[in-house]
Every structure is written in structure tokens, then in C-alpha cells.
Amino acid sequence: MTVETWAIIQPAIETLVTLFVGMLLIALGVQARTWLTARVGQANLDTAVRLIRTAVLAIEQEGLTGAINDKKEAAIAYAEELLAANNIHVDIATISHIIESLVYDEFNRWYAPEDPTP
């Protein structure tokens, strides 16, 4: 394969890989939510996500002062406290995934899906 041919094919391959990874992440997210809903129940899941969001926002505020070095670990610890106080049991890995999802949503909430801006 020549360099010129690769230069033509590479962008198409990168686009296809990006689309595939995006579709895979969406499918995994749907499966994870379904699994978690079945495990803890919809009411508890909604409450758990609300409590974890509260923990993330609280730790983010504390992080602005420089008082916290690892915000994710602090958010997980605080979320565990809030969940335990409400008698909701969610494992650390799931709390971590919910935190990642909340942070991702926060960073991307201002971009409309139809926004053509790159």
C-alpha cells in the first residue's frame, strides 16, 4: 500500500472506528442501566443517581479550593456515605461508572446533537 493510498483510506477508517466505538458505548450504557435497574430497582436507582450527583457537585466545589487531590476518589467515598445513609447498596465500580457518566453529561450538555460545530 502506498502512502498516497493510505492517506485516502486513513480518514475513512478513523471515522468508521469512531462510529463503531460510539455505538458500542451506547449499547453498553443501555445494558448497564438495564442491569442496574433490575438489581436495585428504578426508585432506588433514581435516588442513587441523585445522591451520587450531589456527591460529585459537593466534591467539585471542595476541589475548587484545592483541598482535595483526587476528586473522583473523594466523590466515591462521599457517595458511599450518602447511599449508606439512605440504605441503598451500590458497589464501588457502579458508583465510579455513574460518576463518569455524570461528568460526561456535564461536559456535553451544552452541545445539541444537531449542532454542526466541530
Are any side-chain N or O atoms of Ser101 and backbone N or O atoms of His97, one a donor and one an acceptor, separated by less than 3.5 Å?
no
Closest non-hydrogen atom pair, Val90 against Ala48:
CG2-CB, 4.3 Å
So, for Ala58 and Tyr78, which heavy atoms are closest and what is the spacing to 0.1 Å?
CB-CE2, 3.8 Å
With a 4.0 Å cut-off, would you call Glu62 and Lys71 a salt bridge?
no
So how far is it from [X] [atom1] to [Y] [atom2], rounded to the nearest 0.5 Å?
{"X": "Leu51", "Y": "Asn86", "atom1": "CG", "atom2": "CG", "result": "5.0 Å"}
{"X": "Ile59", "Y": "Ile99", "atom1": "CD1", "atom2": "CD1", "result": "9.0 Å"}
{"X": "Arg50", "Y": "Leu102", "atom1": "CZ", "atom2": "CG", "result": "12.5 Å"}
{"X": "Thr47", "Y": "Ile52", "atom1": "OG1", "atom2": "CD1", "result": "10.5 Å"}

Counting heavy atoms not belonging to Ile92, are there more than 12 under 6.0 Å from its CD1?
no
Measuring only between side-chain heavy atoms, which start at C-beta, is Ile88 closer than 4.5 Å to Leu82?
no
